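In what follows, a structure is listed as structure tokens, so that the remarks can point back to it.
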Amino acid sequence: MTYFCTRCKLTSEDGNRWCQEIDCPAGASPRLFQTGDTLGTLTILNRVRVLPISSIYVVEWDKKRYFMKIANPGADYEDRLKDEASALKQITLKSSKRQKTGLPRWVQHPEVNPDAFGIVSYRDEPRVYFLMEYVDGTILYDYLLDNPQPWHKHVGWFLQTLARGLMLQHSITDKANMSLNPETILVYKNNANVPQPLILDLGLLVPFRNDDGKPKHLLRAEEAQWRRFTLPAYLPPVLLNGGDVSVSDDLFVIGLIGYEMLAGRPTYPYERRPESSVRKDIASQYVPSLNRTDLPRGKRGSGRNTRSKAQQTTSDADIIDMRRVIRRALSVEERGDYRRYPSIHDFVSDLSSLYGPVLEKRRLRVFLTYLAAGAGIALAGGIALSLIWSLFSALLGAS
């Protein structure tokens with residue numbers, strides 16, 4: 001069994017500190033399972049990702065594949081995984097199986113009924129875990145290594161589903177993710193071969209409101225506690241500057257991911273940089289320009305992207321520009337040229353105006369079904385008319 005540093009992504013066989021960072025968390029690094037290891041009735045097939053709170057594996061149980069999340073060592077990590085399992089179970093039970101939610105589906109393991117999570121011993125060490133339905137795909141971080149700048153239309157559809165996934169999490173749990181990043185998102189292809197996201201981690205699950213119903217306000221001491229569970233370059237502003245938790249914090253991180261997919265680089269470079277320097281970049285609120293000429297402009301509510309001359313005469317309030325959409329998602333200001341979106345729904349609405357709904361073959365299939373049915377009816381009608389005419393001609397000949 002090896003050990004893994006969730007910050008520098010290096011491994012060690014004995015768990016000794018090996019990272020260059022002076023505040024390396026290697027002392028609490030998780031032990032990694034290997035292919036073939038068994039946890040009760042579950043067999044490890046491969047490791048997907050190691051995150052600050054948990055590790056994700058593909059496992060086999062009863063000849064079927066599942067995602068398995070295992071809490072990293074420590075009561076704090078275990079408690080957070082239990083909260084995530086309960087939240088994902090709640091989301092799964094309240095959403096339709098056919099609905100494209102952008103979130104994985106929680107799976108009930110018979111050995112942990114009725115709890116949302118299970119506890120299994122490995123070499124006399126208890127490990128907290130839960131299961132999710134398996135989807136074949138690639139982690140976004142790896143996907144962008146092979147294709148740093150996906151087609152902008154695919155990015156627009158990708159961000160729509162990503163945003164809807166967070167909207168669903170917000171509406172059912174009343175808690176923010178606050179820890180979304182390319183390491184926690186799986187990319188899979190839908191039936192139209194369009195890349196789509198699956199959020200494999202519900203994040204910090206920070207409540208939007210206190211018990212008295214007032215907005216949750218983060219203090220300085222709380223910020224530092226939350227930050228240790230996140231990736232530095234994808235911190236929402238509230239974890240740096242304090243303030244009330246809101247949906248705009250998650251939208252800010254969606255903006256970071258959208259910028260990275262369009263620009264081919266992170267908004268705030270973080271690899272081989274001190275965490276303090278990355279935080280300083282985010283706090284500056286400086287966003288590099290998106291120097292792309294192929295990004296669309298469109299009319300709000302049009303449902304498609306265009307660059308016609310007619311739109312150039314439309315008022316600025318009705319014009320949507322993809323660069324502006326990303327810039328507004330990354331804004332923390334309530335006023336000005338790039339004032340932040342009032343809701344994630346407004347962000348999705350602008351993307352839909354530019355790109356239309358996410359492309360799926362279902363609509364084409366329905367159209368072809370109706371077309372085939374219509375052709376069948378027409379053919380049957382033609383045959384019937386031909387028979388009637390033949391019969392009528394025979395009668396005339398007989399007379």
Side-chain angles (χ1 to χ4, degrees), residues 48-49 65 67 91 95-105 132-169 177 180-201 250-251 253-264 290 292 294-298 301-307 320-323 325-326 329 344-371:
V48 177
R49 226 60 180 177
R65 291 187 174 192
F67 285 127
I91 293 170
S95 59
S96 168
K97 186 174 178 63
R98 297 181 180 180
Q99 187 179 1
K100 304 295 183 182
T101 64
L103 296 173
R105 295 191 65 82
M132 302 178 289
E133 284 187 359
Y134 174 75
V135 176
D136 189 27
T138 306
I139 293 297
L140 179 59
Y141 179 92
D142 299 333
Y143 180 85
L144 293 178
L145 289 178
D146 294 331
N147 184 15
Q149 287 182 290
W151 186 31
H152 68 85
K153 203 163 191 176
H154 282 174
V155 175
W157 288 330
F158 188 93
L159 296 180
Q160 282 189 53
T161 304
L162 189 65
R164 287 195 174 99
L166 289 179
M167 288 169 62
L168 182 65
Q169 176 178 334
N177 186 297
L180 194 69
N181 63 74
E183 303 272 3
T184 64
I185 302 169
L186 186 82
V187 182
Y188 71 95
K189 300 290 184 68
N190 71 3
N191 57 18
N193 206 36
V194 174
Q196 286 288 275
L198 194 68
I199 303 172
L200 294 182
D201 190 85
D250 275 345
L251 181 55
V253 183
I254 296 176
L256 292 176
I257 293 171
Y259 180 96
E260 183 168 350
M261 297 179 76
L262 292 171
L290 270 173
R292 289 185 58 166
D294 62 333
L295 298 183
R297 297 179 76 244
S302 65
R304 65 181 185 274
N305 59 326
T306 180
R307 290 175 178 270
I320 309 170
D321 186 300
M322 187 57 176
R323 296 186 232 7
V325 168
I326 296 298
I344 296 183
H345 179 271
D346 291 284
F347 171 76
V348 173
S349 178
D350 277 359
L351 288 176
S352 182
S353 293
L354 286 171
Y355 296 108
V358 178
L359 179 66
E360 292 186 86
K361 279 188 177 178
R362 182 175 55 189
R363 292 184 179 86
L364 179 60
R365 189 178 298 121
V366 170
F367 171 77
L368 292 177
T369 300
Y370 280 120
L371 184 63

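Count residues from 1 along the sequence. What you are looking at is a predicted structure, and each value in this text was computed from that prediction instead of being measured.
Of the possible donor and acceptor atoms, none in the side chain of Asn190 sits under 3.5 Å from a partner among the backbone N and O of Glu360. Under the 3.5 Å distance criterion, the side-chain polar atoms of Ser95 are matched with a main-chain donor or acceptor of Ile91. Formation of a donor-acceptor pair under 3.5 Å by the Arg323 side chain with backbone atoms of Arg292 is found in this model. Judged by distance alone, with hydrogens and angles left aside, the side-chain atoms of Ser349 form no donor-acceptor pair with the main-chain N or O of His345 at under 3.5 Å.
With sequence neighbours excluded, the residues forming a salt bridge (charged side-chain N to carboxylate O under 4.0 Å, His left out) with Asp350 are Arg300, listed by chain and number. The ring pair (Phe, Tyr, Trp, His ring centres under 6.0 Å) test applied to Phe158 returns no partner, not counting sequence neighbours. With sequence neighbours excluded, the residues satisfying ring pair (Phe, Tyr, Trp, His ring centres under 6.0 Å) with Tyr134 are Phe67. For Asp142, the salt bridge (charged side-chain N to carboxylate O under 4.0 Å, His left out) partners are Arg49, not counting sequence neighbours. Under the rule for a salt bridge (charged side-chain N to carboxylate O under 4.0 Å, His left out), Arg65 has no partner lying at least two apart in sequence or in another chain.
With values rounded to the nearest 0.5 angstrom, Met322 atom CE is found 5.5 Å from Leu159 atom CG. Atom CG of Asn147 sits about 11.0 Å away from atom OG1 of Thr138, to the nearest 0.5 Å. Here the NE2 atom belonging to His154 is positioned 11.0 Å from the OH atom belonging to Tyr355, to the nearest 0.5 angstrom. Arg105 contributes atom CZ, which lies 13.0 Å from atom CE of Met132 (distance to the nearest 0.5 angstrom). Note that the CD atom of Glu183 and the CD1 atom of Ile139 stand 7.5 Å from one another [nearest 0.5 Å]. The CG atom of Leu354 sits 8.0 Å away from the CG atom of Asp321 when rounded to the nearest 0.5 Å.
Closest of all the heavy-atom pairs between Pro357 and Ser352 is N-OG, 4.3 Å. Taking every heavy atom of both residues into account, Leu186 and Val135 meet most closely at CD2-O, 3.4 Å. The two residues Leu290 and Ala263 come nearest to each other via the heavy atoms CD2-CB, 3.6 Å. Between Pro150 and Val155, the shortest heavy-atom contact is O-CG2, 3.9 Å.
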For residues 192-201, dump all side-chain donor-acceptor pairs below 3.5 Å to protein atoms at least two apart in sequence or in another chain.
residue: Gln196; atom: OE1; partner: Thr161; partner atom: OG1; Å: 2.4
residue: Asp201; atom: OD1; partner: Lys69; partner atom: NZ; Å: 2.5
residue: Asp201; atom: OD2; partner: Gly203; partner atom: N; Å: 2.8

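Side-chain atoms of Leu180 and Asp250, non-hydrogen and from C-beta on, never get closer than 4.5 Å to each other. Contact annotation: the side chain of Ile185 approaches that of Ile257 to within less than 4.5 Å [non-hydrogen atoms, C-beta and beyond]. Between Asp136 and Tyr188 there is no side-chain heavy-atom pair separated by less than 4.5 Å.
In this pair, Trp157 and Trp151 present their aromatic rings perpendicular. The plane angle is above 60°, beyond the 30 to 60° band.
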